[in-house]
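Here's the structure, in structure tokens; my notes come after.
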Amino acid sequence: MINWSEAGQQRSAPWRTALGAPPPARVVVADDRMKADTAYRLACEGTALLWQGDFQNARQLLRAMGRRCKPAAPGSGFHRYRQAQSQRARTLGMVLIPYAAGHVVPLRRAPDVREACTEAYGADAFPAVGQLRELLGVIGAHEWRKKGVYVPALGARIHPHHGVFSPIRGEYVDLIAEAPLPGDRLAFDVGTGTGVLAAVLARRGVRRVVATDLDERAVACAAANIARLGLAEQVEIVRTDLFPPGRAPLVVCNPPWLPAKPVSPLDHAVYDPGGRMVRGFLDGLAGHLEPAGEGWLVLSDLAEHLGLRTRAALLAWIEEAGLRVVGRMDVAPRHDRPMDEDDPLHAARAAEVTSLWRLTPLT
């Protein structure tokens, strides 16, 4: 619950979040008279603003507060970058909005967010209070889900759900589309997310693909995408941690590439504390490969350029798992961030390479 005082009376409402953000302890009511400097100061001090004015004015206030957030300096390093990002998220998360029953935002000029909120929060649509910043993310995710992301390797669109990482970085998908298949009978796709890699393998002619994920949202998203693409007879979606039962000639995994702590559902596609998923995949791979089978580990080396992991450590993990490298395919990123010299991580992003490591058991 979240509590505040309004017109001399104590009020409370359920706290709504899909990102796990805790409810603020201090809340004041705010409206169109609130100045950006005042709002920013209060937010930095830990006081949240429950908005009662015009919805579009709240969006403008949020943008003005964002301009006041101090970014990490270029070249300041990964940890300072994450600290700045975390502080920015906490500050901007202090602008709150009310929800009426039915996922309705009872503010002037508020958009119809009922469908978007149902996708993110479910059908239970009781009155609540949540972060404006999160709602804008929910709206954006709804648009991604409706329009989809065109994947050239598929010749079709993938439709990500809220909280499931969108396949906007196509280079890793292209690696899966181009690597030589060790066979076309069966493949496992470990950590499938939207199901994009499972779909690529099926379109390449793999007759049966078992795709796994532990996240319920990812399982639902992958199943919807596979059905939309007409591949449900080839691809089975299983909710489990890492591997399904059995062995396969090909086991594919595109794990999170940075060994750091995630702070939101989407972060889990990027941040992997201690390299848990990478190590788990490598340690279990030999036991899930058929004789002469291959494991494909698709991994960015950004962590190496940020000083979070060394190439020697990755190679040692491979050897300790009883595996050997039989080939590697590399591709440079094609997105715009490596060109942004103001990005605090510019040097690392400019040097980044994504690799598909072809692995087989030592024996």
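All heavy atoms count here, side chains included; hydrogens, waters and symmetry mates do not.
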Any donor-acceptor pair under 3.5 Å from Asp31 side chain to Gln52 backbone: no
Same apolar cluster: Val105 and Val29, side chain cutoff 4.5 Å: no
Least distance between heavy atoms, Met277 atom then Cys253 atom: CE-SG, 3.8 Å
Salt-bridge contact Glu143-Lys146 (side-chain N to carboxylate O under 4.0 Å): yes
Residue list, side-chain hydrogen bond (donor to acceptor under 3.5 Å, both in side chains) with Tyr99, at least two apart or on another chain: none
Exam field: side chain Trp51 to backbone Asn57, donor-acceptor pair closer than 3.5 Å: no
Audit row: Leu356, Tyr172, side chain to side chain contact (heavy atoms under 4.5 Å, CB included) steps and yes/no: CA-CA 8 Å; Leu356 185 153; Tyr172 76 93; over 6 Å; no
From Asp301 atom CG to Leu314 atom CG, the distance as rounded to the nearest 0.5 Å: 10.0 Å
Pair Lys35 + Asp37: basic N to acidic O under 4.0 Å: no
Cation-pi, Trp4 ring and Arg11 (6.0 angstrom, 45 degrees): no
Test: Arg108 and Asp32 ion pair at under 4.0 Å: yes
Sidechain-backbone polar pair: Arg68 side chain, Ala64 backbone, donor-acceptor under 3.5 Å: yes
Carboxylate-amine/guanidinium contact Asp272 Arg279, below 4.0 Å: no
Distance-minimising heavy-atom pair for Gly295 and Leu285: CA-CD2, 3.8 Å
Separation of Gln131 CD from Thr17 OG1 (nearest 0.5 Å): 6.0 Å
Heavy-atom closest pair, residues Leu96 and Ala48: CD1-CB, 3.7 Å
Cluster link Val27 to Leu92, ILVMFWY, side chain under 4.5 Å: no
Residue pair Pro255 / Val278: nearest heavy atoms and the distance that separates them: CG-CG2, 3.7 Å
Whether over 12 other heavy atoms sit under 6.0 Å from Glu178 CD: yes
N/O donor-acceptor pair under 3.5 Å between Arg80 side chain and Ala72 backbone: no
Glu290 backbone acceptor or donor facing Arg247 side chain under 3.5 Å: no
Arg157 (side chain) donor-acceptor with Gly148 (main chain) under 3.5 angstrom: yes
Atom pair CG/CD1 of Leu132 and Ile139 - distance to nearest 0.5 Å: 8.0 Å
Non-neighbouring partners of His159 that pass ring-ring contact (aromatic ring centres under 6.0 Å, His included), sequence neighbours left out: none
Side-chain touch Thr194/Phe165, heavy atoms, less than 4.5 angstrom: no
Rounded distance [0.5 Å steps], CZ in Arg109 versus CG in Asp54: 4.0 Å
Side-chain heavy-atom pair Pro24, Ile2 within 4.5 angstrom cut-off: yes
Residue pair Arg59, Arg63: steps toward the side chain to side chain contact (heavy atoms under 4.5 Å, CB included) verdict: CA-CA 6 Å; Arg59 293 187 64 172; Arg63 285 194 291 267; 4.1 Å; yes
Side-chain donor/acceptor of Thr212 to backbone N/O of Leu242, under 3.5 Å: yes
Cluster link Val113 to Leu62, ILVMFWY, side chain under 4.5 Å: yes
Thr91/Gln87 under side-chain hydrogen bond (donor to acceptor under 3.5 Å, both in side chains): CA gap, chis, key distance, verdict: CA-CA 6 Å; Thr91 300; Gln87 180 59 46; 3.0 Å; yes
Contact summary for Gly191 and Asp213, nearest pair of heavy atoms: C-OD2, 3.5 Å
Atom CD of Glu45: over 12 foreign heavy atoms under 6.0 Å: yes
Side chain to side chain, Val251 and Phe243, heavy atoms closer than 4.5 Å: yes
CZ (Arg239) with more than 12 external heavy atoms under 6.0 Å: yes
Contact check, side chains of Val331 and Val353, non-hydrogen atoms, under 4.5 Å: no
Single-linkage hydrophobic cluster Val252~Ile237, side-chain heavy atoms < 4.5 angstrom: yes
Residue pair Arg217, His161: steps toward the side chain to side chain contact (heavy atoms under 4.5 Å, CB included) verdict: CA-CA 7 Å; Arg217 291 163 301 189; His161 291 190; 5.6 Å; no
Side-chain heavy-atom pair Leu250, Leu201 within 4.5 angstrom cut-off: yes
Check: Glu320 main-chain N/O paired with Trp317 side-chain donor or acceptor under 3.5 Å: no
Working for side chain to side chain contact (heavy atoms under 4.5 Å, CB included), residues Leu214 and Thr240: CA-CA 5 Å; Leu214 190 59; Thr240 190; 5.9 Å; no
Electrostatic pair Arg145-Glu115, nearest N-O below 4.0 angstrom: no
Shared hydrophobic cluster for Ile176 and Leu297 (ILVMFWY, side-chain gaps under 4.5 Å): no
Tyr271 six-ring centre to Arg82 NZ/CZ under 6.0 Å and within 45° of normal: yes
Non-hydrogen side-chain atoms of Val325 and Ile318 separated by less than 4.5 Å: yes
Any donor-acceptor pair under 3.5 Å from Asn225 side chain to Ala227 backbone: no
Euclidean distance, Leu302 CG relative to Leu306 CG, rounded to 0.5 Å: 4.5 Å
Worked check of side-chain hydrogen bond (donor to acceptor under 3.5 Å, both in side chains) between Thr360 and Glu294: CA-CA 5 Å; Thr360 59; Glu294 286 189 13; over 6 Å; no
Glu119 side chain to His142 side chain, donor-acceptor N/O pair below 3.5 angstrom: yes
From CG (Asp174) to CE (Met329), nearest 0.5 Å: 9.5 Å
Criterion side chain to side chain donor-acceptor pair (under 3.5 Å) against Tyr121, the qualifying member of His162, His103, Arg16, Glu134: Glu134
Shortest non-hydrogen separation from Gly193 to Val164 and the atoms involved: C-CG1, 3.8 Å
Note: Glu304-Arg311 ion pair, threshold 4.0 Å (strictly below): yes
Heavy atoms from other residues, nucleotides or ligands near CZ of Arg114 exceed 12 (cutoff 6.0 Å): no
Non-hydrogen side-chain atoms of Ser355 and Val298 separated by less than 4.5 Å: no
Val206 side chain near Gln234 side chain, heavy-atom distance below 4.5 Å: no
